[in-house]
Amino acid sequence: MELRVYNTMTDRKEVLVPMVPGKLGMYVCGPTVYDMSHIGHARVYVTFDVVARFLRSTGLEVCYVRNFTDIDDKIIKRANEEGRAAGEVSERYIEEFRKDMALLGVAPTDVEPKVTEHLPEIVALIERIIASGVGYVSGKDVYFSVRDHSGYGKLSKRRLDDLEAGARVDPNEQKRDPFDFALWKGAKPGEPSWPSPWGEGRPGWHIECSAMSARYLGETFDLHAGGKDLVFPHHENEIAQSEAGNGKPFARYWIHNGFVQIDNEKMSKSLGNFFTIRDVLQKVEPEALRLFLLSTHYRNPINFSDVALADASRRLDYIYETLAKVEERRAALPSEPGEGELLESARIAALGAGFNEAMADDFNTADAIGRLADGFALLNELCERPKTKDKALLARTLVAARAELLACGMILGLFTQAPGEYLLRRRTRLVAERGIDAAEVERQIAERAEARKRKDFAAADRARDALKELGVEIMDSASGTSWKVL
RNA sequence: GGCGCCAUAGCCAAGUGGUAAGGCAGGGGCCUGCAAAGCCCCGAUUCCCCAGUUCAAAUCUGGGUGGCGCCUCCA
């Protein structure tokens, strides 16, 4: 199947053709580890986790590199505030980041390079940039001379002359041109530093990604991704550095995700309207956040709200309730139903086919998730009103339909939990939140069962109403009465 | 000022030339002692407005209106 991706470089969807057939290298700009990650970070890493999973599902051997920026002004600032070493701060937040990612089902990437462990590569690249004539030393710093590099602005479609109006010059810097950017910053007192041909100092912000991507993926590689706000200047500068230093084209396809917004405004630290991943996970299951993030196409902005999150949560409950129902039904059917025909085979086949079609069109997770809806309806239908008395046939069909859905879910990193565990954890969480006495609920349900046995429906209904008052909803079925928190 | 994005039902959200996916909420039906859950059916003659191109436009072009982003650390 042809895989089409929207390439920021060309502003169109293009067929993704890896440089080396069967293999694909991808680099995603990772976090600067100076604080807890927010849901904007969650979106980026969930998005590209799904991209990597989908690419792998097509048979590509993917090498996914995502860095940690573990030395930077903000980290130093934080370290000074806390009276710690910069390394302590970055290590702490790397751990927190990994915890967040694990909760969200974001798989570790193949390589997670840290800037502080790649100084030799960085210094060597800066030397090559200087040698190529577009880098210059000024005082203790080294800068990239933007005007001496042809092609600067090709990703962001900016011309230097257009930038002029918004230019701001930091008087502390010794640039020849306001748009030049630092490759190397000479050490200031009390700052962490590393030796270099230009004296003690540390790398500029952009050079790390150029150096580390080349180290693990080669000087030219397939896919480079990140948040939309990195297009300029970060990615533009990476391109300039890499192409000037290596004399080769840099990344072949660029993909960028849209922002998470709050009340239709960008969420950011500077606006103070941001939620950390940890904040959100206090309130909902991590998987619900993941589902929410994937319910909008990655390039569009997504508006974060309690309502939207509740929608995703409800939908996820439906999915796990369906899967739990399938398990229960399955237990009453032949355990080895054998091979053979299926019910609704066309509908089942359409699930995976439709899903893949949507994903192959620029990773359209929103469309892809929509295509799965019929599969869950089918499972419910099969469980509640099977159109056959052939138990083996029913069992085969249930297994096949579920397998199809779970295979798609695996690519999204969704529906991967044991349904019973998910539902119990969710109920336990809600029970605690609402201060519901679970034993009391069970007692009232038992009483109601007695009343029903006596055909005293008035009493049974009173019991049900009483439970509803507590926020508990009950469901009668052949196998007894179950309950959930509303 | 420069560059760019977005506008689809009450809400969320796909769809980039061939006659509007999906979800939530709502209405009806089936099931149920009654419910709940589930399943089925119903819901935009229409895609911010105006003009144009075309046999055909939510989709393309031009012009508006409204919202947002980047150009400064930012995912």
Side-chain angles (χ1 to χ4, degrees), chain A residues 8 11-13 28-32 34 37-48 72-74 77 153 156-168 170 179 205 225-234 236 256-261 264-271 274 291-292 295-297 299-303 305 307-315 317-318 321-322 325 354 358 361 364-374 376-385 452 455-458 460-461 464-465 467-468 472-477 481-484 486:
Chain A
T8 308
D11 287 324
R12 340 179 264 254
K13 281 187 197 171
V28 172
C29 293
T32 299
Y34 71 105
S37 297
H38 55 63
I39 53 178
H41 296 110
R43 185 179 197 194
V44 180
Y45 305 118
V46 165
T47 295
F48 297 116
D72 162 274
D73 290 346
K74 293 186 293 291
K77 181 166 175 273
S156 56
K157 281 86 195 172
R158 271 160 227 263
R159 290 173 312 169
L160 288 169
D161 298 335
D162 293 338
L163 287 169
E164 204 82 56
R168 262 162 264 189
D170 183 340
F179 306 114
W205 172 38
K228 219 167 207 158
D229 53 346
L230 296 185
V231 172
F232 189 88
H234 185 57
E236 195 67 63
H256 293 98
N257 68 278
F259 292 122
V260 175
Q261 306 186 320
N264 296 310
E265 279 198 331
K266 178 179 172 176
M267 185 185 82
S268 72
K269 289 192 179 165
S270 44
L271 290 174
F274 72 98
L291 176 60
F292 163 72
S295 65
T296 296
H297 185 92
R299 274 191 285 118
N300 292 338
I302 186 168
N303 202 45
S305 69
V307 173
L309 211 53
D311 264 13
S313 232
R314 200 172 299 130
R315 189 63 185 159
D317 289 349
Y318 162 81
E321 279 163 11
T322 301
K325 202 184 290 178
D361 184 13
N364 195 334
T365 53
D367 190 10
I369 290 168
R371 310 263 195 144
L372 301 182
D374 186 56
F376 293 106
L378 175 61
L379 286 180
N380 275 303
E381 198 182 312
L382 290 167
C383 288
E384 307 224 356
R385 288 189 190 183
R452 288 181 77 206
K455 305 269 183 208
D456 184 354
F457 293 121
D461 289 351
R464 185 172 59 208
D465 290 344
L467 286 165
K468 191 140 198 172
V472 169
E473 185 167 270
I474 59 175
M475 287 149 283
D476 296 327
S477 76
T481 298
S482 62
W483 61 279
K484 66 188 267 192
L486 283 174

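Everything quoted here is computed from the prediction, not taken from an experiment.
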Please give, in whole Å, the distance from [N] [atom2] to [X] [atom1]?
X: A:Met475; N: B:A37; atom1: CE; atom2: P; value: 8 Å
X: A:Leu486; N: B:C24; atom1: CG; atom2: C1'; value: 16 Å
X: A:Arg159; N: B:G4; atom1: CZ; atom2: C1'; value: 14 Å
X: A:Leu291; N: B:A13; atom1: CG; atom2: P; value: 13 Å
X: A:Asn303; N: B:U8; atom1: CG; atom2: P; value: 13 Å
X: A:Phe274; N: B:C74; atom1: CZ; atom2: C1'; value: 11 Å

Are there any protein N/O atoms within less than 3.5 Å of an N/O atom in nucleotides 65-68 of chain B, and if so, which ones and at what distance?
residue, atom, partner, partner atom, Å
B:C68, O2', A:Gln261, NE2, 3.3

Need the pair for [N]. Rule: Watson-Crick or G-U wobble, both distances under 3.5 Å, any strand; none if unpaired.
N: B:A7; answer: B:U65
N: B:U45; answer: none
N: B:C70; answer: B:G2
N: B:G52; answer: B:C60

Would you kindly check whether a donor in the side chain of [X] faces an acceptor in the base of [N], or vice versa, at under 3.5 angstrom?
X: A:Arg314; N: B:G23; result: no
X: A:Arg464; N: B:C34; result: yes
X: A:Asp476; N: B:C34; result: yes

Check every strand shown and say whether A:Val231 touches a base, only sugar-phosphate, or nothing at a heavy-atom separation below 4.0 Å.
-> nothing

A:Phe259 near the nucleic acid: base, sugar-phosphate alone, or nothing, with a heavy-atom cut-off under 4.0 Å?
-> base

Measuring only the [atom1] atom in each nucleotide, how far is [N] from [M]? A whole number of Å is fine.
N: B:G22; M: B:G15; atom1: P; answer: 15 Å
N: B:A9; M: B:C47; atom1: C1'; answer: 10 Å
N: B:C39; M: B:A51; atom1: C1'; answer: 48 Å
N: B:A13; M: B:U8; atom1: C1'; answer: 9 Å
N: B:C48; M: B:U59; atom1: P; answer: 8 Å
N: B:A75; M: B:C70; atom1: P; answer: 12 Å
N: B:G52; M: B:G17; atom1: C1'; answer: 15 Å
N: B:G28; M: B:A35; atom1: P; answer: 12 Å

Check every atom of [options] against the side chain of [X] and return the nucleotide holding the closest atom.
X: A:Thr32; options: B:C73, B:G33, B:A75; result: B:A75
X: A:Arg452; options: B:G38, B:A14, B:G33; result: B:G33
X: A:Lys157; options: B:C39, B:A75, B:C3; result: B:C3
X: A:His297; options: B:A75, B:G38, B:A14; result: B:A14
X: A:Glu381; options: B:A13, B:A75, B:C39; result: B:C39

Of A:Trp205 and A:Ile474, the one whose closest nucleotide on RNA chain B sits nearer the 5' end is A:Ile474

Of A:Val44 and A:Glu384, whose nearest nucleotide on RNA chain B comes first from the 5' end?
-> A:Glu384

Can you name the residues that form a ring pair (Phe, Tyr, Trp, His ring centres under 6.0 Å) with A:Phe48, not counting sequence neighbours?
-> none

Sequence neighbours excluded, which residues qualify as ring pair (Phe, Tyr, Trp, His ring centres under 6.0 Å) partners of A:Phe376?
-> A:Phe415

Return the set of residues passing side chain to side chain donor-acceptor pair (under 3.5 Å) with A:Asp456 (not counting sequence neighbours), or none when no residue passes.
-> none

Taking atom NZ of A:Lys157 and atom OG1 of A:Thr8, what is their separation to the nearest 0.5 Å?
-> 7.0 Å

Kindly compute the distance separating CG (A:Asn303) from CE (A:Met267), expressed to the nearest 0.5 Å.
-> 11.0 Å

Pairwise N/O distances under 3.5 Å, protein to nucleotides 27-31 of chain B:
residue, atom, partner, partner atom, Å
B:C30, O2', A:Arg385, NH2, 3.1
B:C30, O2, A:Arg385, NH2, 2.5
B:C31, O4', A:Arg385, NH2, 3.4

Close N/O contacts between protein and nucleotides 20-22 of chain B (under 3.5 Å):
none

Residue-phosphate contact under 4.0 Å: A:Asn364 side-chain N/O, B:G15 OP1/OP2 | yes

Output yes when a side-chain donor or acceptor of A:Ser295 lies under 3.5 Å from a complementary backbone atom of A:Phe292, and no otherwise.
-> yes

